Amino acid sequence: MGQNFLVDASISRWIADQIVPDDAPLVVEIGPGMGALTEHLIGRPKKLVLIEKDYQLAPELQRRFEGRADVEVIAEDATRIDLRPWFRHGPVKLIGNLPYSVGGEILKHWLTPPTPVSSAVFMLQKEVCDRLAAKCGDDAYGALSLLVQKDWNVEILRIVPPEVFQPRPKVDSAVIRVTPRDPATLPVFDRVLFDRLVRMGFSQRRKQMKNLLPEAPGGWSMLVEALGVSATVRAEELSLEQWIQIARCYENRTTADAGQKASEVFDVVNERNEVTGQLTRGEVHARKLLHRAVHIFVINSRGKIYLHQRSHLKDVSPMKWDSSAAGHLDAGEAYADAAVRELKEEIGIDVPSTELAAQIPAGEHTDHEFVELRLAHHDGPIRCLPEEIATGEWFKPEDIDAWVAARPQDFAKGFVTCWKAWRGVGGEKLEKAHI
Ligand code: SAM
């Protein structure tokens, strides 16, 4: 269970302070143990949640904090707990003197997007912290550094000697702070492909990369030339930015990220949703003209719905959560055709057709769009288009209900209207809404 308990109150206090818990809506502590950190957190955030797996320590904590409305003890395994119901609470601050045996699994579970975590402070073995924070050229630099740093900034705050623990671990520990990386600091790239290439590149330290990676589109010499490195380059000699360039090359991206084209042409419609002309995206949005859009909810056989978080490159509602796929109709395009096209373009799924679920008239609540909500059924993998989508996840409808009710600001406007229409609540005047 990795139970090395902190016995130095001043270090405990210092670590607790690093998450800046005062008045935070929600702080989650992983592995509170006998409460060394908890003691310095209690009463500071609006809500403190403690997740402890040990079947003896958890009930003890429950007894100790019984009657405190601002503390909740969850007796569960922090590597397995479902994070999806947590989005409704808003940004989560995470802290823990982590059990070193499963520290890596805990990091992966809580820091792999999408996650409600907005910042984290962890104590771990110093050697692991070094790998998490290492930059190209450092001894500890490797696959773990890249896989984490593509989404997070990692900072080593302090080295902690074994003497402050009981029992004493054999190695030094360190405290790190993890904060989200601004997505605009990197070009877009396919995250699944990036992870695969990095793992391959670092799989055998002594081998040259050209013997570890699949055949590069355009050939290896063209790739190394574009990177400005030698043909015999090794994985650890390339920076995060260069690794992203490699992923983009395997995706066949040749141009810079364009974002959305203000020159795209849409049909403009009147109050009866009849086409009156065509104008560019830029003009339609600037003049708040009525136009058409389709939203699609993709449902799997377990009844879960795929939602995506919009990319930072979107001109409307960047980084907000949205339907499985959504988009404007091209000039002259029918709603049903746009649905099939958007599913393919945005999340890489092929369906022959979709079902009509609701028709929603244009208004402020739909950003001046006449929306058709359509449903599709799909169980296979989803492959997100990086310039459109930051991340995505399958959610239970009940979790989405609670999230929309608690934090409508996390969602694109059109989605909230579609969701309420589909769930049959919200009171908006719908011309036709049925499941
Ligand atoms: N926070 C305490 C402290 O600083 O003294 C305890 C830290 S100790 C290094 C790690 C704690 O994590 C232990 O209390 C252990 O029982 C708990 N733990 C181990 N595996 C866990 C898991 N998978 N999920 C939640 N807690 C776990």
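Counting starts at 1 for both ligands and their atoms, in listed order. Numbers here are sequence positions counted from 1. It should be emphasised that the depicted structure is a prediction, and the values quoted were computed from it without experimental measurement.
At a 4.0 Å heavy-atom cut-off, the residues surrounding ligand 1 are M1, G2, Q3, N4, F5, L6, E29, G31, P32, G33, A36, I51, E52, K53, D54, L57, E76, D77, A78, N97, L98, P99, listed by chain and number.
For K344, the side-chain hydrogen bond (donor to acceptor under 3.5 Å, both in side chains) partners two or more places apart in sequence, or in a different chain, are D350.
A salt bridge links R310 with D322; the closest basic N to acidic carboxylate O contact falls under 4.0 Å. Under the 4.0 Å criterion applied to side-chain N and carboxylate O atoms, K126 and D130 are assigned as salt-bridge partners. With respect to the salt-bridge test (charged N to carboxylate O, under 4.0 angstrom), the residues R253 and E387 qualify.
Atom-to-atom distance recorded for L61:CG and E66:CD is 12.0 Å, nearest 0.5 angstrom.
For the pair F395 and Y306, the minimum side-chain heavy-atom distance is 4.5 Å or more.
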